Structure formats: structure tokens, C-alpha cells
Amino acid sequence: MAVPVLKQGDVLIASIQSALTDHDLLQLKDELAEKVGRFRSRGVIIDVTALDVMDSFATRTLRGLAATTRLRGAETVVVGIQPDVAMALVELGLTLDGVATALDLEEGLEVLANLTEAHHRGR
Amino acid sequence: MRETSFQTEASTILFGTVDLERRLRFGNVAGEDRAHIEGVKDTVLDHLDEHLAAFFDHLAQYEEAQGLLRRADMMDEAKRLEREHIIAMVGGAYGHDYFEQRFRLGQLYNRAQLDFALFMGAFHSQMSSIGRRIMARFPKDSGKAFLHFTSFKKVAFFDLGIIVDAMMTDREQTILRQQEAIRELSTPALQVRDRLLILPIIGLLDSYRAKQLTDGLLQAIRAHRAKVVVMDLTGVATVDSKVANHLIQTVAAARLMGATAIVTGLSADVAQSLVTLGVDLSKLSTIGDLQGGIEEAEQILGLSTVRIDRSPSTVV
């Protein structure tokens, strides 16, 4: 099932609604990499609240996605990781290094604002 | 209420039908033994009080048995059960009731904190008393007397096995109950400011408790929408590499939930041992004490504590 990507100002929001296949994930990655350029977005938020399971492929894809969008000028924040999922990821040693995380969408927007602000100051 | 349910449960586990047969087989109690016992039944029962006295007189010699001997209610029950015990031993029916009765006896001695070795001594006295009567029954044929007594002894040893198991099961269950109680001493996550949680950890951390603590913390982060968590280890005397890894995992999991975790209150000893163990704590942000941790957390949250100037004129 494809993931809807919403554009809100200069932020793209991908809200995952159900369990994803590897193919869906790759499609999401390609779509976001392309849309970040097209909409000149400053940030990407990926909402994984609906996911009960995240495997190594999903975390690797998310890391790759974050690195890709950063190269294209947008920061990525993953929001809504469930407690059980967080524990499972850590136990498996999948810690999403290099990807910002936040509790929910609202927090994610705030984190993004701080990140991009720092980014602009750094310039 | 709880006590009773434990008892029934334990006796069911220990004394299922299969177990009964297995035990009798292990005890090697055969048909001829039953015949021998039947043969000396009257000899044993005629001097029942003497055999009982042998058991309790042995106990009475020792200070350690006073816990049982001074409790009239326990003594009454013990005497009644011991009496039933001997009657049942020569009764020939080694069914479920027989096992239950021995089990109750074991539990009773356990509750009276009867020393194990002392119980064995008293049991032996009783056996000797019975043995003497059996020998007297066959004055001219000591071989035959020996055979009869051996059969009787088989049952006695078989009984001992049950009583010992009952005593051990009872003790194990006490330990289990205590462990449960310790686990129930939960580690609360306390909210002290908007979006700031404190997790005071006190006592020994084992893997089970560490896991429970992590689960609780992650749920609390979600429930309180926490942004910063201060984990205070002032009350933890020792941290080994396993627990340290658990802490690192907890911090990483909290980060995935979008919260920053700060560890405070590592004592000098703990810090030294962690360094000696070579645990990589570079991923933890640590601060000396709880106060420092809260100050740091407030800074992350953009809060500041200001002293209110209460000059005498403003105080009503």
C-alpha cells in the first residue's frame, strides 16, 4: 500500500497507515527524494505511529532516506515510534543513528523548526 | 486465602497420579512388602503410643524443637498427623490421601521451623521403636524379622521422600513469593515539571527488573509526553556491565521516542567499576547528582527557576 505524502508549507509529511512491504518503503524513499527537490522542502516528517513492527530493512531505508534528503537540503524526523518498537529496535541494535526522532507529529514539527534554524544559522 | 491456593497447587504438582506410581516404583515397594507389612500391622498398632512418644521425646531433648513443642495448636495437629501417619503406613493403601497427609506434615514442620536434621533424628527414633517391636515379634527367626522390618522401612523412606519434597516446595514457594513482592516494588516514573520525568532507581538491578523499568519508562514517556527523563541511580550500589548495557539501551530507546535521557547519581565506586569494566558510556549523558540533572533538563526544556524576591514590605 502506497504511503500518502502531504505537503504542508515547506514540510513534507509521510503518514504511514499500515504495515509496509520492502517495495513500498523503497517507493516512499524515491518519492520523497524527488518531492523534496520539486517542492523545495526544508523538512520531512515520517509518521510511523501505525507500525507495530520495524525490521532491519525498514531502519536501513529510513537512515538512507534521511541521508538522501539531507543531501537535497531537507532534514528528516521520524515520529511516533511505539514503546515496544523502540525497545525491539534497541535490542536488535538498530538505533537509527543520524535520524532525528520525536514523540509525535507536533513535536516533530518543533524539532524540525529547531534543526532548520540551526542549519540556517550555520550558513 | 492465598496460602491455601498455594498449598493445593503444590500438592497437585507434586502428587499427580503419575508421580504417585513413579514414587512407589522408585521406592521398590513390591507386593511381598505389602504382605510383610500386613503381617506386622498389629504389632505396630499395639504399641502406637510408644512409637509416637519415641518421635516427640527425641524432639523434646533439643532447644531447636521448642518452636514446635511450645505451640499447643501445632503440637496437637502434629500428634494427630503422626498418629494417622503410622496407622496409614501399615494400612496398605498408598493413594492420594496418603500423599496429601504426608505433604501436610511436611508443611507443618516447615511452618514450625523444625530443623531438618532434627526431624531426621526423631524419625529415626520412631523407626527404631517400631523395629524393636518387630524384632520382638519374631524372637527365633531374626532373618524373617529383618525382612519384615525392611519392607516397613521401604515405606518409611518413601514417606521421607514426600515429606522432604513438601518441606522444600514450601520453602521454594516462600522464596518465590518474596521475589514477587520485590518485583512489585515498582520503579515509578514521576513527572516533576511539564514534560520532565524523574525515574528514581533504588536497589539491585537485575535483567528482569531492568527490562520492567525500561518498559515502564517508555510507556510513561508516551503517557506524559515527556521530552526529558532524568534517571537517578543514587540508590543503586552496584552496576555491572549487563545493567550498564541495559541503561544504554534504555537511553537509546527513549531517544527513538523523541526523549532525551540523563543519567545522574553514579557513585564513585560505580563510576570506577564501569571504567574498569570498559563499558562504553559515551552515548550516555551523565551528570553528578539529581539536582544537576534537573537543572540540565530544565535548560533543555527552556525553563528556568527564579527566586521570588520576598522583601518584608510585600509580605502580608
Side-chain angles (χ1 to χ4, degrees), chain A residues 11 13-16 43-56 58-63 65-66 75-115 117-118, chain B residues 186-189 191 193-197 199 207-229 231 241-261 263 279-285 297 299-303:
Chain A
V11 176
I13 301 169
S15 173
I16 296 173
V44 174
I45 289 182
I46 300 173
D47 184 358
V48 295
T49 311
L51 289 188
D52 318 321
V53 180
M54 277 171 84
D55 59 10
S56 56
T59 51
R60 187 155 62 86
T61 311
L62 287 179
R63 277 206 309 273
L65 175 62
E75 292 292 339
T76 295
V77 182
V78 174
V79 305
I81 296 179
Q82 301 286 343
D84 292 345
V85 177
M87 204 54 226
L89 287 182
V90 171
E91 275 168 2
L92 292 170
L94 309 169
T95 47
L96 279 179
D97 283 328
V99 185
T101 48
L103 190 67
D104 53 20
L105 185 59
E106 189 183 347
E107 281 295 302
L109 286 167
E110 201 178 305
V111 169
L112 211 49
N114 289 339
L115 279 176
E117 192 189 325
Chain B
S186 65
T187 308
Q191 178 163 11
R193 299 266 190 282
D194 190 31
R195 324 203 56 185
L196 167 56
L197 289 181
L199 191 76
S207 308
Y208 179 87
R209 202 164 161 234
K211 175 141 180 51
Q212 206 183 30
L213 186 143
T214 308
D215 287 349
L217 177 65
L218 295 183
Q219 300 291 348
I221 288 177
R222 165 135 282 211
H224 297 282
R225 293 178 47 82
K227 208 165 176 179
V228 185
V229 183
M231 293 164 68
S241 56
K242 223 165 154 188
V243 171
N245 272 327
H246 237 293
L247 287 177
I248 294 169
Q249 287 191 344
T250 308
V251 171
R255 189 193 81 88
L256 287 175
M257 304 263 310
T260 310
V263 176
V279 181
D280 177 20
L281 293 177
S282 58
K283 282 186 184 157
L284 292 188
S285 84
Q299 201 164 14
I300 295 173
L301 291 167
L303 301 171

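Labels below follow one simple rule: chain letters A, B, ... track the order of the sequence lines, proteins then strands, and each chain is numbered from 1. Just so we're clear, the structure is a prediction, and the values are computed from it rather than from any experiment.
Of the two parts of A/Val99, only the backbone, made up of N, CA, C and O, holds a non-hydrogen atom closer than 4.5 Å to a non-hydrogen atom of chain B. Contacts of B/Ile221 with chain A are made by both backbone and side-chain atoms, with heavy-atom separations under 4.5 Å. Of the two parts of B/Asp215, only the side chain, counted from C-beta on, holds a non-hydrogen atom closer than 4.5 Å to a non-hydrogen atom of chain A.
A 4.5 Å side-chain heavy-atom check between A/Leu65 and A/Val44 finds every atom pair outside the cut-off.
Between chain B and the residues A/Asp104, A/Val78, A/Val79, the most heavy-atom pairs under 4.5 angstrom are made by A/Asp104. Ranked by heavy-atom pairs under 4.5 Å with chain B, the list A/Val90, A/Thr95, A/Val111 is led by A/Val90.
Distance check: A/Leu109 CG to A/Asn114 CG gives 11.0 Å after rounding to the nearest 0.5 Å.
Heavy-atom minimum distance, B/Val228 versus B/Ala297: CG1-CB, 3.5 Å.
When atom types are taken as modelled, the side chain of B/Arg225 and the backbone of B/Arg195 share no donor-acceptor pair closer than 3.5 angstrom.
Here the rule is side chain to side chain contact (heavy atoms under 4.5 Å, CB included) with B/Thr250, and of B/Leu284, B/Leu217, B/Val229 only B/Leu217 fits it.
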